[in-house]
Amino acid sequence: MWTGQNWRIVAVFAITQTVGYGCLYYSFAVLLHPIAAGLHASPAAVTGAFTTAVLAWAAMAVPVGRWLDRHGGRALMTLGAAAGAALLVAWSQVQALWQLYLVFAGLGAAMAMALYDAATAVVVSWFDTGRRPRALLTMIVVAGFASTIFMPLTGLLNDRYGWRATLLLLAAGYAAIAVPLHAGVVRRPPPGTLPAGPATPAHRRGLVRAARRDVRFWCLAVAFVAHAAAMSTMTVHLVGYLVGEGHSATFAATVAGLLGVLSVTGRLVLTAAQRRLRLSHVVAVVFTIQAAAALALPWAAATRPGAIAAVIGFGIGFGVASLATPALLADRYGTTAYASIAGTLAAPVTLAKATAPLAAAALYTGTGGYLPVLVTVGGLCLLAAAGILAQAGTPFRGSALESETIRR
């Protein structure tokens, strides 16, 4: 009976993550300049509010993970969705820059409670190792179309009604969809669903401490932080780089748009490949291909076919971490304390996403070109590949605490 319930949860998250990312996350990029004009502020100053949200998201990662391990996702994700909708309303009413920053600090916390990290932890708790990749892939692939759906929709609404009314409409839609679905469907798995150890607070704390003492955990942390920094840098700077190389803005934006499509392709390839090969090996190969593509881009970008080929090589790994992270963590450390362990990793990864583009901009300004930036991106991808492979064959010394631990 619980099998039907777990796939209902996946279906709900496929919907609520698509709508949530579309309303809470991707709407900002579309509304950035109208908001800046409305508040008589520079786009850079308004962008700082989004950075504030990402930092708040990172700060919430560990406490959210602990709550999910202890209490499950229903109350937390319902509250996060309700808070997100309320903060969209508050966003629509801001009159000053400081108010915008305050709202976005709250939005960061709401996103940590209601979006991907929390949803992944719930899905992991419901599925065993054999079915977990398919469940995560289903949720992530559907949610991957959030930008495709909501960025044009947000732009259309803004053109017709203005940014304040657009945010009110997004708030109403998000509240009507996410709040009842989270409250009505999200549940903790029944006892005995998965062969996890005793779920006492002391047991969970022991697992988290054991994971933090595990060298393999910190190798994975280095890998995913480096990869997140590389992905975030390329997302922000790719269009500017291609335009600087003499390509038209339309061509640059179109090529950059391939990253979203390729992220879905990469996830499908990863899911298929891991059925026959060790996941760590597959991920390391993908990261290495990305490194080669980034390092080749300064020469390949001289022509349109070369630029497209390099972006395809880089984009194939664009969405890999979202599947590899839960798979590698759950397979090594089990599901009993998964959310707490994943939250420990998510905090620095989120910080890397927020700060890497700024560091890349500073490097570009200081050197007068994008070559050092692309070399750094390539180096980060190689570091990520090395981190994925490091200590991959060693057993987890805390495995006695967790009966479900499966070394990958």
Side-chain angles (χ1 to χ4, degrees), residues 1-30 53 57 64 68 72-89 91 107-127 131-157 166-189 260-261 263-265 267-268 271 319 322-323 325-326 339 342:
M1 182 171 62
W2 66 271
T3 300
Q5 177 65 24
N6 63 3
W7 284 107
R8 280 194 293 272
I9 289 174
V10 171
V12 161
F13 284 156
I15 296 169
T16 64
Q17 298 306 295
T18 302
V19 178
Y21 270 100
C23 294
L24 302 178
Y25 190 88
Y26 290 114
S27 61
F28 178 82
V30 180
W57 193 338
V64 163
L68 289 166
R74 182 185 182 187
L76 183 78
M77 298 190 72
T78 302
L79 178 61
L87 287 162
L88 285 173
V89 174
W91 180 5
L107 270 176
M111 288 189 286
M113 296 164 66
L115 294 187
Y116 174 74
D117 293 333
T120 299
V122 173
V123 171
V124 165
S125 72
W126 271 94
F127 288 86
R131 289 180 293 181
R132 191 178 296 138
R134 181 185 171 195
L136 290 171
L137 180 68
T138 300
M139 177 183 74
I140 293 170
V141 165
V142 175
F145 290 98
S147 60
T148 305
I149 298 169
F150 278 89
M151 291 184 78
L153 176 61
T154 302
L156 178 64
L157 292 173
T166 295
L167 288 169
L168 289 174
L169 291 170
L170 293 176
Y174 183 53
I177 293 170
V179 173
L181 286 178
H182 285 169
V185 179
V186 177
R187 296 287 187 275
R188 302 192 76 174
V261 177
S263 70
V264 175
T265 304
R267 289 160 179 161
L268 293 171
T271 301
S322 59
L323 280 178
T325 302

Drop me the distance from [X]'s [atom1] to [Y]'s [atom2], to the nearest 0.5 angstrom.
| X | Y | atom1 | atom2 | result |
| --- | --- | --- | --- | --- |
| L76 | M113 | CG | CE | 4.5 Å |
| C23 | F150 | SG | CZ | 4.5 Å |
| R132 | S125 | CZ | OG | 9.0 Å |
| T18 | I149 | OG1 | CD1 | 6.0 Å |
| L107 | W91 | CG | CH2 | 6.5 Å |
| R187 | N6 | CZ | CG | 14.0 Å |

Could you list the residues that satisfy ring pair (Phe, Tyr, Trp, His ring centres under 6.0 Å) with F28, not counting sequence neighbours?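 In terms of ring pair (Phe, Tyr, Trp, His ring centres under 6.0 Å), with neighbours along the sequence ignored, F28 is linked to F50, F104.
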
Distance-only donor-acceptor pairs under 3.5 Å for side chains of residues 166-182, two or more places apart:
{"from": "T166", "atom 1": "OG1", "to": "L157", "atom 2": "O", "distance (Å)": "3.2"}
{"from": "T166", "atom 1": "OG1", "to": "N158", "atom 2": "N", "distance (Å)": "3.1"}
{"from": "T166", "atom 1": "OG1", "to": "G162", "atom 2": "O", "distance (Å)": "2.7"}
{"from": "H182", "atom 1": "ND1", "to": "M77", "atom 2": "O", "distance (Å)": "3.1"}
{"from": "H182", "atom 1": "NE2", "to": "T16", "atom 2": "OG1", "distance (Å)": "3.1"}

Between [X] (side chain) and [Y] (backbone), is there a donor-acceptor pair under 3.5 Å?
| X | Y | result |
| --- | --- | --- |
| Y116 | S322 | yes |
| Q17 | A114 | yes |
| T154 | M151 | no |

Would you say OH of Y21 has more than 12 non-hydrogen atoms from neighbouring residues, nucleotides or ligands within 6.0 angstrom?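 Atom OH in Y21 is packed in, count exceeds 12.
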
How far apart are the closest heavy atoms of T120 and P326, and which atoms are they?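 Where T120 meets P326 most closely, the heavy atoms are CG2-CB, 3.7 Å.
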
Shortest non-hydrogen contact from L68 toward A339: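 The answer is CB-CB, 3.7 Å.
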
The criterion is side-chain contact (heavy atoms from CB on, under 4.5 Å); which residues satisfy it with T138, sequence neighbours excluded?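 Per chain and number, T138 pairs via side-chain contact (heavy atoms from CB on, under 4.5 Å) with W7, V10, R134.
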
Give the C-alpha distance, both sets of side-chain angles, the deciding distance and a yes or no for side-chain contact (heavy atoms from CB on, under 4.5 Å) between I140 and L323. CA-CA 8 Å; I140 293 170; L323 280 178; 3.6 Å; yes

